[in-house]
Amino acid sequence: MLKNITVIPGDGIGPEVTEAVLEVLSAAGAELEYDFQAAGVGAIATHGSPLPQETSDSIERNRVALKGPLATPSGSGFRSVNVEIRKRFDLFANVRPARTILPGGRYEDIDLVLIRENTEGLYVGVEHFIGMDRDPRAAAESVMITTRYGCERIVRFAFDYAVAHGRGKLTLAHKANILKYTQGLFLEVGQRMAADYDGRVAFEDGIIDATAMFLVLDPYRYDVLVMENMFGDILSDLMAGLVGGLGFAPAGNIGESHAVFEAVHGSAPDIAGQGVANPTGLLLSACMLLDHVGQAEVASRVRGALTAVIRDGVARTRDMGGRDGTAAFTQAVKGALA
Ligand code: NAI
């Protein structure tokens, strides 16, 4: 039976990479039915809102979505639609695997997973300006919110992920030495919960700045990492850099009942419309989606074809040092499907 999913092509390169991904999924025999919906800057013109009600209703109904990048103008009054979707569907866990596909990079055989808390911390959006003298923006405050409930569910998710995926170690990265309350609570929850997984998953904690350094110097010392929202946002891009850049990084935003899969990269306005975007990030995200909906065998075929094409240099996009456009790359992946 076909599984209905919401598909949001999004802004910038979103429509190009989405088209490429759906072509590969169809050639691989994915049993999916697509409910196309608009969101992002493009949806303001067509629907009068960056997150139209129909789009929200579609995700609510289908419970699973594949989402292209959505542009968020920096520093404007327009709140990130990505953040809004995560909040609305309580997608508390952001799962970001970083795995080497393109050989010859800084490191070979990287295989890391970062699990980022997705709903709390500084990204809750509780911020305001404070006026002084005649300057209405003399100071600004952002509130970092951390709850025991939020810490427990993300750390539990990370331990369970490690167990389910046969991974032996979980590193909780934090800044409890300075942020003694918010990050202290996160660390305390991790240390307590580690006892429940004793003998199954080894637990360690590390200060976030040192963790960033060690990820660059010796990434093999890590396996699964868990951290709060903003730290995870930053370090997951660092980890994408270890495997060749943003074009290779997939992500799943997982909640109790809903899940939205997306590439880590943004709308890449600098290359939008040129037919040169690398669809790998979204394609790997679609593979995570397939795993999630019980079509792991299709996911594994797609990953196999994608890996073979990139590894053997059958086709490579510009960001991989190749010359192929999105269409030629997509054809090569389709051709490599076993
Ligand atoms: P970006 O990820 O769009 O681009 C950074 C650099 O990476 C650019 O040089 C771009 O050409 C390149 N790049 C990104 N994806 C690529 C791909 N698939 N193939 C080849 N090259 C690729 O980040 P930037 O420029 O900071 O953000 C642009 C917009 O995207 C902003 O409005 C931002 O808010 C939004 N954004 C949306 C995200 C989402 O929807 N999940 C995530 C990150 C940013």
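One-based numbering, in listed order, for ligands and for the atoms of each. Because only heavy atoms are used, hydrogens play no part in the values below, and waters and symmetry mates are left out as well, while side chains stay in. Residue numbers start at 1 and run along the sequence shown. Predicted model, so just to flag it, every value in this text is computed and none were measured.
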Tell me whether ligand 1 is touched by [X] - counting only heavy atoms on the residue side and a distance under 4.0 Å.
X: D11; result: no
X: N82; result: yes
X: R318; result: no

Proximal ligand 1 atoms for [X], defined as those under 4.0 Å from one of its heavy atoms:
X: E262; result: 41 (N)
X: N278; result: 17 (C), 18 (N), 19 (N), 20 (C)
X: L246; result: 2 (O)
X: P269; result: 28 (C)
X: L70; result: 35 (C), 36 (N), 37 (C), 39 (C), 40 (O)

**OP:** Output, in order, the C-alpha distance, side-chain angles, deciding distance and verdict of salt bridge (Lys or Arg N to Asp or Glu O under 4.0 Å) for R153 and D90.
**Re:** CA-CA 12 Å; R153 70 175 176 170; D90 200 19; 2.7 Å; yes
**OP:** Check side chain to side chain donor-acceptor pair (under 3.5 Å) between S142 and all other residues, then give those that pass, not counting sequence neighbours.
**Re:**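 Scan of S142 (side chain to side chain donor-acceptor pair (under 3.5 Å), adjacent residues dropped) gives E127.
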Original post:
What pair of heavy atoms forms the shortest contact from L337 to R301, and how long is it?
Top reply: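 In this case the closest contact between L337 and R301 is CD2-O, 3.8 Å.
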Original post:
Any side-chain donor paired with an acceptor under 3.5 Å for Q331 and E23?
Top reply: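 Per modelled atom types, Q331 and E23 side chains form a pair under 3.5 Å.
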Subject >> Salt-bridge present (R116, E228; N to O < 4.0 Å) >> reply: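 Here R116 does not pair with E228 in a salt bridge, since their nearest N and O are not under 4.0 Å apart.
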**OP:** Taking only Lys NZ, Arg NE, NH1 and NH2, and the carboxylate oxygens of Asp or Glu, determine whether R99 and D109 approach each other closer than 4.0 Å.
**Re:**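 Result for this pair is no, no salt bridge flagged.
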**OP:** Describe, in one word, how the ring planes of Y197 and F159 are oriented to each other, choosing from parallel (under 30°), tilted (30 to 60°) and perpendicular (over 60°).
**Re:**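 Y197 and F159: parallel rings.
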**OP:** Only heavy atoms count here, so choose which of D319, I13, I8 is nearest to atom 16 (C) of ligand 1.
**Re:**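 Closest candidate by heavy-atom distance is I13.
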**OP:** Examine G266 against ligand 1 and note whether any of their N/O atoms are separated by less than 3.5 Å.
**Re:**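 In this structure, G266 places an N or O atom under 3.5 Å from an N or O of ligand 1.
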